[in-house]
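This report concerns only the one structure given below.
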Amino acid sequence: MAKPKTPVPVQKNEYYEIDITGLGHEGEGVGKVDGFTVFVPKALPGERVKAKITKVQKTYSYGRLIETLVSTPDREEPPCPIYHRCGGCQLQHLSYEAQLRHKRQTVVDALTRIGKLEGVTVHETLGMSDPWAYRNKAQVPLGEIDGRLAVGFYAPRTHEIIEMQGCGIQHPYNDEIVHTTKEILQDLGITHYDEQTHTGLVRHIIGRVGFNTGETMVVLVTNGRKIPQVETLVAKIRERIPHVVSIVQNVNKQQTNVIFGRETVTLWGSDTITDTIGDIKFDISARSFFQVNPVQTEVLYGKTLEYAQLDGSETVLDAYCGIGTISLFLAQKAKAVYGVEVVPEAIEDAKKNAALNGLENAHFEVGGAEVVIPRWHEEGVKADVIVVDPPRKGCEEELLAAIAEMKPERVVYVSCNPGTLARDLRYLEDHGFRTVEVQPVDMFPHTFHVECCVLLIRK
Ligand code: SAH
């Protein structure tokens with residue numbers, strides 16, 4: 001006989017008073033009604049709120065914040081006028097100092113609950129002295145509102161454009177690129193792309209800034225190759241946005257959410273912009289991956305270098321190396337660095353950047369880290385330090401097993417997901433390593449994202 005179902009204590013469209021005790025993965029307030037979890041976006045820990053239940057699942061539910069009955073001193077008025085409609089940020093209503101505290105707590109919770117790790121030092125989150133205007137890349141879709149061309153991000157879980165006049169987390173040059181280019185397109189009568197009908201021309205305006213060089217790039221992603229009055233368009237962009245050194249078109253005719261298409265054409269100027277992280281120079285093309293917060297990237301890589309404790313005699317492996325940013329940063333202080341990355345174009349960029357900086361001791365190979373590093377091990381490569389910086393899903397177990405067998409002195413784990421980080425640290429703890437310290441770094445102020453740099457040593 002089937003067990004009688006325990007009735008869920010909340011009902012859709014009903015109102016409840018809830019004490020908020022924590023923040024969920026995406027910055028939502030979390031509380032309970034008779035032991036049953038309710039996520040309430042925009043509610044904060046320490047608050048008592050009235051919420052209307054909008055969705056009920058088997059083990060949790062969602063509610064809309066109707067009224068804050070008891071508020072917390074951590075609550076702040078979000079400076080952005082469209083914060084409550086735009087999907088870009090999640091934590092502007094929480095003071096910056098509390099955001100940093102919360103991010104550290106997220107890491108502590110993951111390490112204890114998922115990793116079952118004890119006695120690990122988790123430092124205070126390293127935040128920004130000015131947590132605004134930090135992004136070096138803006139990718140903004142175009143649409144139409146009341147017959148006018150509009151730019152803005154999508155509302156959460158929709159493709160409805162929320163028109164914006166400026167974005168507080170963007171470098172001001174990017175705001176200028178997005179809005180001025182939109183005006184020029186509007187003046188020239190160049191059409192915007194419409195997802196529903198798959199007609200119209202310009203899909204996205206993308207701005208990229210080299211923070212340390214002041215160089216900028218404008219990318220127009222178009223649904224088709226021909227841009228009417230392209231020469232006038234280029235002339236007007238150059239005239240009105242003097243910091244632009246590169247104007248690029250990318251053609252994407254697919255019906256897809258992916259922003260970029262395969263074909264990229266330089267309309268004017270350079271194919272790339274240059275930026276620096278520490279003493280290392282990078283050439284960045286329209287589609288290159290480059291960390292979006294260059295100020296905090298330097299902080300994160302500085303920690304990585306500190307934890308690697310290099311004296312110039314070491315062989316270092318850099319798994320998931322992207323365009324070689326960490327590899328090149330460490331190559332300045334190591335005997336040799338070997339980077340591995342699955343995207344071939346990124347490895348092309350990594351090799352170019354090594355040459356650009358005259359770093360002959362950095363070597364790169366295309367492939368899955370979980371395939372290439374075990375092979376290097378079989379070939380007899382000895383590593384003193386292994387750095388990993390995987391995507392959100394964390395490291396493949398084959399890679400962790402190879403690291404355990406290679407027995408480096410130190411492992412430095414750079415992570416953008418505390419959950420998978422904790423899982424992988426547990427594995428390494430069980431296979432000969434000790435987690436010594438964890439440094440959370442705030443790469444994305446006002447969003448729920450938290451980045452960590454972790455030092456492990458061989459037991
Ligand atoms: N360390 C780089 C990039 C980190 S992002 C930096 O700081 O800039 C993670 C990278 O892992 C991405 O470039 C992604 O393409 C790559 N990647 C994803 N799965 C991989 C795998 N199985 N093996 C190697 N690289 C992988």
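Everything numeric in this text was worked out from a predicted model, so none of it was measured. Indexing begins at 1, ligand by ligand and atom by atom, following the structure's order.
Salt bridge status for Lys335 with Glu314: absent, with no side-chain N to carboxylate O gap under 4.0 Å. A salt bridge is absent between Lys42 and Glu28: the closest approach of a Lys/Arg side-chain nitrogen to an acidic carboxylate oxygen does not fall below 4.0 angstrom.
The side chain to side chain contact (heavy atoms under 4.5 Å, CB included) check on Arg238 picks up Val234, Ile247, Trp268, with sequence neighbours excluded. Applying the side chain to side chain donor-acceptor pair (under 3.5 Å) test to Glu379 and every residue at least two apart in sequence or in another chain returns Arg375.
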Side-chain donor-acceptor contacts of residues 274-281 below 3.5 Å, not counting sequence neighbours, with atom names and distances?
from: Thr274; atom 1: OG1; to: Asp283; atom 2: OD1; distance (Å): 3.1
from: Asp275; atom 1: OD1; to: Phe211; atom 2: N; distance (Å): 3.4
from: Asp275; atom 1: OD1; to: Asn212; atom 2: N; distance (Å): 2.9
from: Asp275; atom 1: OD2; to: Phe211; atom 2: N; distance (Å): 3.1
from: Thr276; atom 1: OG1; to: Asn212; atom 2: ND2; distance (Å): 3.2

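In this structure, Arg203 is positioned above the aromatic face of Tyr193, its NZ or CZ under 6.0 Å from the six-membered ring centre and within 45° of the axis.
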Dump the pairs for me: ligand 1 N or O, protein N or O, distance under 3.5 Å, to 0.1 Å.
from: ligand 1; atom 1: 1 (N); to: Tyr320; atom 2: O; distance (Å): 3.1
from: ligand 1; atom 1: 1 (N); to: Asp389; atom 2: OD2; distance (Å): 2.8
from: ligand 1; atom 1: 7 (O); to: Gln291; atom 2: NE2; distance (Å): 3.0
from: ligand 1; atom 1: 7 (O); to: Tyr301; atom 2: OH; distance (Å): 2.4
from: ligand 1; atom 1: 7 (O); to: Asp389; atom 2: OD2; distance (Å): 3.1
from: ligand 1; atom 1: 8 (O); to: Tyr301; atom 2: OH; distance (Å): 3.4
from: ligand 1; atom 1: 8 (O); to: Thr325; atom 2: OG1; distance (Å): 2.7
from: ligand 1; atom 1: 13 (O); to: Glu341; atom 2: OE1; distance (Å): 2.7
from: ligand 1; atom 1: 13 (O); to: Glu341; atom 2: OE2; distance (Å): 3.4
from: ligand 1; atom 1: 15 (O); to: Glu341; atom 2: OE2; distance (Å): 2.7
from: ligand 1; atom 1: 22 (N); to: Glu370; atom 2: OE1; distance (Å): 3.0
from: ligand 1; atom 1: 23 (N); to: Ala369; atom 2: N; distance (Å): 2.8
from: ligand 1; atom 1: 25 (N); to: Val342; atom 2: N; distance (Å): 3.3

